[in-house]
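Numbers restart at 1 for each chain; the letters A, B, ... are given by sequence-line order, proteins then strands.
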2 protein chains.
Amino acid sequence: MENKRTDCEAINIDIVEKVRPKMPEMNLLYELSDFFKVMGDGTRIQLLWALEESEMCVGDLAVLLNMTKSAVSHQLKVLRVAKLVRAEKKGKNVYYSLNDHHVKLILEKALEHVSE
Amino acid sequence: MENKRTDCEAINIDIVEKVRPKMPEMNLLYELSDFFKVMGDGTRIQLLWALEESEMCVGDLAVLLNMTKSAVSHQLKVLRVAKLVRAEKKGKNVYYSLNDHHVKLILEKALEHVSE
DNA sequence: ACAATAGTTGAATAATTGTTCAATTGTGGT
DNA sequence: ACCACAATTGAACAATTATTCAACTATTGT
């Protein structure tokens, strides 16, 4: 993402240079887009949405979403790595719950956006 | 996304049936995940970030992000289709600006999330 | 100890997607 | 009318990714 090249000169150098110092650090940029990438999948949105209502185990989530346990587990792992959910083993089952209070707020804002 | 199948029975039917009616419509689900998909790309985040500071034309955005005009134009189209930015032709240049007040709020919330 | 069940994992496959390249459109200046 | 420049477009390519399948781990109940 660093070794790309422009094929043109600036038209309004003043604007470009005024905006440039406001741009986010590479680091922050990756974290932001990675976060949205995680949210950008229907299955994962459903999982978060469900877990907003109640903590649930993998099998129940699979039934609710009408998917295989494997597929659900794979996506839960993505959410777990992103620290959006956390897992707790209770006997034979693993119960998942939301791990981040921002998710609900962001989902609500996004909801406002898409339903306007 | 409809023709998937579970490979198991519910463990807590009560929870599944309590949560089921709260789940989002297919329609809304697609709109939500599509929205996040659009946000889930570093280039597009940078474009939105820049346009939050000032309206800019394609060439200037290309210089700012150190990319080709073509690549920038392709991504601006994605943002345009998603109604997040709008384009206005002024002479030989096309100036883009933000078209949605939710984007800033959502970016801010996401920022809080990733930088905690 | 054994069978049954819940969940995880890795490889394979299919689908999606971002950038490049080349060609094209449209506008302004001369 | 023509040339230079800004931007768009479509095809091609590489990279990423969601689901399936099969194998595996771990736990409960008998």
Side-chain angles (χ1 to χ4, degrees), chain A residues 1-12 15-16 29-30 33-34 36-47 55-82 85-96, chain B residues 1-12 15-16 29-30 33-34 36-47 55-82 85-96:
Chain A
M1 203 164 188
E2 268 297 28
N3 48 345
K4 286 179 273 178
R5 279 209 231 95
T6 339
D7 55 350
C8 57
E9 299 294 319
I11 292 162
N12 309 294
I15 294 183
V16 175
L29 188 61
Y30 282 128
S33 59
D34 282 351
F36 285 119
K37 263 194 257 269
V38 171
M39 303 286 286
D41 175 75
T43 298
R44 291 192 290 266
I45 295 272
Q46 286 184 88
L47 289 171
E55 90 171 4
M56 292 178 79
C57 65
V58 180
D60 286 346
L61 287 166
V63 171
L64 180 64
L65 304 203
N66 203 38
M67 292 176 66
T68 62
K69 270 176 302 196
S70 177
V72 168
S73 181
H74 275 297
Q75 296 307 330
L76 283 171
K77 183 173 195 174
V78 175
L79 293 172
R80 213 171 347 114
V81 170
V85 304
R86 63 178 222 278
E88 190 187 353
K89 188 148 200 172
K90 291 182 183 173
K92 244 195 304 195
N93 300 316
V94 178
Y95 282 84
Y96 281 83
Chain B
M1 204 165 184
E2 269 297 27
N3 47 344
K4 287 179 274 182
R5 278 210 230 92
T6 339
D7 54 351
C8 58
E9 298 293 321
I11 291 161
N12 309 294
I15 294 182
V16 175
L29 187 63
Y30 282 127
S33 59
D34 282 351
F36 285 119
K37 262 195 258 270
V38 170
M39 303 286 285
D41 175 76
T43 299
R44 290 191 292 265
I45 296 272
Q46 288 185 88
L47 290 172
E55 90 170 5
M56 292 178 79
C57 66
V58 180
D60 286 346
L61 287 166
V63 171
L64 180 64
L65 304 201
N66 204 39
M67 292 175 65
T68 60
K69 267 175 303 192
S70 176
V72 168
S73 182
H74 275 297
Q75 296 307 331
L76 284 170
K77 183 174 196 174
V78 174
L79 292 172
R80 217 174 342 119
V81 169
V85 304
R86 62 178 222 280
E88 189 187 353
K89 189 145 199 173
K90 291 182 182 174
K92 243 197 301 196
N93 300 316
V94 177
Y95 282 82
Y96 280 84

Mapping K92(B) and N93(A) onto DNA chain C by nearest heavy atom, which one lands closer to the 5' end? N93(A)

Side-chain atoms of K77(B) come closest, of dA6(D), dT9(D), dT8(C), to dT9(D)

With rounding to the nearest 0.5 angstrom, report the CE to CG distance, M56(B) to N93(B). 11.5 Å

Whether the side chain of R44(A) engages the backbone of K37(A) through a donor-acceptor N/O pair (distance < 3.5 Å, no angle test) should be reported. yes

No-H, no-angle donor-acceptor pair, S70(B) side chain to dC21(C) base, under 3.5 Å: yes

Axis bend over the full length of the helix from dA1(C)-dT30(D) to dT30(C)-dA1(D), computed from five pairs that close each end, to 10 degrees: 30°

As a test of reading the structure: which of dA7(D), dT27(D), dT20(C) is closest to the side chain of K69(B), going by heavy atoms? dA7(D)

Can you find a donor-acceptor pair, distance only, under 3.5 Å between H74(A) side chain and dT17(D) base? no

Donor-acceptor contact present, side-chain D7(B) to main-chain T68(A), <3.5 Å: no

Begin from the C-alpha positions of Q46(A) and M67(A) and carry the test side-chain contact (heavy atoms from CB on, under 4.5 Å) through to its verdict. CA-CA 12 Å; Q46(A) 286 184 88; M67(A) 292 176 66; 5.6 Å; no

Take atom CG of L61(B) and atom P of dT19(C), then tell me their distance rounded to the nearest Å. 14 Å

5' precedence on DNA chain D between G40(A) and D60(B) (nearest-nucleotide basis): D60(B)

Phosphate OP1/OP2 of dA6(D) contacted by Y96(B) side-chain N/O (<4.0 Å): no

Rounded to whole angstroms, how far apart are OH on Y95(A) and C1' on dG7(C)? 13 Å

Taking the side chain of S73(B) as heavy atoms from C-beta outward, which of dA6(C), dT27(D), dT9(D) is closest to it? dT9(D)

Heavy-atom donor-acceptor pair, D60(B) side chain to I11(A) backbone, under 3.5 Å: yes

Between dA18(D) (C1') and I45(A) (CD1): distance, integer Å: 15 Å

When rounded to the nearest 0.5 Å, the distance separating CG of L47(B) from CG of L64(B) is 8.5 Å

Per side-chain contact (heavy atoms from CB on, under 4.5 Å), L76(B) is matched among V94(B), L61(B), T43(B) by L61(B)

Contact nearer the 5' end of DNA chain D, comparing A71(A) with C8(A): C8(A)

Send over the distance from D34(A) CG to dT16(D) P, rounded to a whole Å. 12 Å

What is the separation between atom NZ on K90(A) and atom C1' on dT5(C), rounded to the nearest whole Å? 19 Å

Between C1' of dT20(D) and CG of D7(B), the distance in whole Å: 11 Å

Q75(B) has its side chain closest, among dT19(C), dA6(D), dA6(C), to dT19(C)

Write down the distance between CZ (F36(A)) and C1' (dT17(D)), rounded to a whole number of angstrom. 19 Å

From the set dT19(C), dT8(D), dT19(D), return the single nucleotide nearest to any side-chain atom of R80(B). dT8(D)

Gap between atoms CG and C1', on L76(B) and dG18(C) respectively (whole Å): 14 Å

Working to the nearest 0.5 Å, report the span between NZ of K77(A) and NE2 of H74(A). 8.5 Å

For the side chain of T43(A), starting at C-beta, report the closest nucleotide among dT27(C), dT17(D), dT19(D). dT19(D)

